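Since this is a predicted model, take the numbers as computed values, not measurements. First the proteins, then the strands, lettered A, B, ... as listed; each starts at 1.
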Amino acid sequence: MNLPHAASGVIVQQQGEAFFLLDTEGGEVFRVNETAARIFELCQGDTSLEGAVASLALRLGAAGQEEAIRADVQRTVTQFQELGLCEPSRPV
Amino acid sequence: MYIQSQIVRV
């Protein structure tokens with residue numbers, strides 16, 4: 001399973017320790033924490049769920065917490081889709 | 001420690 005692709009026109013912006021997702025087409029702004037920003041960045045590529053889990057565990061210093069990360073990634077990308085920040089999942 | 005993602009519309 002791959003992560004859904006980021007919607008066009010949505011960009012990540014960091015100001016200091018704050019992260020924002022800017023929907024330049026819909027005009028909406030979301031403040032997110034680093035975890036959500038990193039997950040969104042992975043949606044901008046062509047990343048598998050397992051690849052995303054491994055990447056986040058390494059980048060966020062959370063080795064050994066893969067089960068929690070996997071559940072959080074799945075919840076987060078679903079939320080991104082509901083907010084229009086990611087494309088709908090393609091039928092399998 | 002892993003911190004769960006948070007998203008807030010502003």
Can you say whether A:Ile69 sits under 4.5 Å from chain B via the side chain, the backbone, both, or neither, judging by heavy atoms? both
Which atoms of A:Leu83 are under 4.5 Å from chain B, going by heavy atoms: the side chain, the backbone, both sets, or neither? side chain
Heavy atoms, side chains only, cut-off 4.5 Å: are A:Phe80 and B:Ile7 in contact?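 In contact.
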From [X] [atom1] over to [Y] [atom2], what is the distance, rounded to the nearest 0.5 angstrom?
X	Y	atom1	atom2	answer
A:Ser8	A:Glu87	OG	CD	6.5 Å
A:Leu3	A:Leu49	CG	CG	6.0 Å
A:Leu60	A:Ile39	CG	CD1	8.0 Å

Would you enumerate the inter-chain donor-acceptor pairs between chain A and chain B whose distance is below 3.5 Å?
unit_1	atom_1	unit_2	atom_2	d
A:Glu28	OE1	B:Arg9	NH1	3.1
A:Glu28	OE2	B:Arg9	NH1	2.3
A:Val29	O	B:Val10	N	2.9
A:Arg31	N	B:Val8	O	2.7
A:Arg31	O	B:Val8	N	2.8
A:Asn33	N	B:Gln6	O	3.2
A:Asn33	OD1	B:Gln6	N	3.1
A:Asn33	ND2	B:Gln4	O	2.8
A:Thr35	OG1	B:Ile3	O	2.7
A:Gln65	OE1	B:Tyr2	N	3.3
A:Asp72	OD2	B:Tyr2	OH	2.6
A:Asp72	OD2	B:Ser5	N	3.0
A:Arg75	NH2	B:Ser5	O	3.2
A:Arg75	NH2	B:Ser5	OG	3.2
A:Thr76	OG1	B:Ser5	OG	2.5

Residues, nucleotides or ligands: over 12 heavy atoms within 6.0 Å of A:Ile11 CD1: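 Counting neighbours around CD1 of A:Ile11, more than 12 heavy atoms of other residues, nucleotides or ligands fall under 6.0 Å, so yes.
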Considering only heavy atoms and a distance below 4.5 Å, find which of A:Val73, A:Leu56, A:Val29 pairs most often with chain B.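 That would be A:Val29.
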Which heavy-atom pair separates A:Ala7 from A:Gly84 by the least distance, and what is that distance?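 Here A:Ala7 and A:Gly84 meet closest at CB-O, 3.5 Å.
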Pairwise ring pair (Phe, Tyr, Trp, His ring centres under 6.0 Å) hits with a residue in residues 12-31 of chain A, at least two apart: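 Sorted pair list comes back empty.
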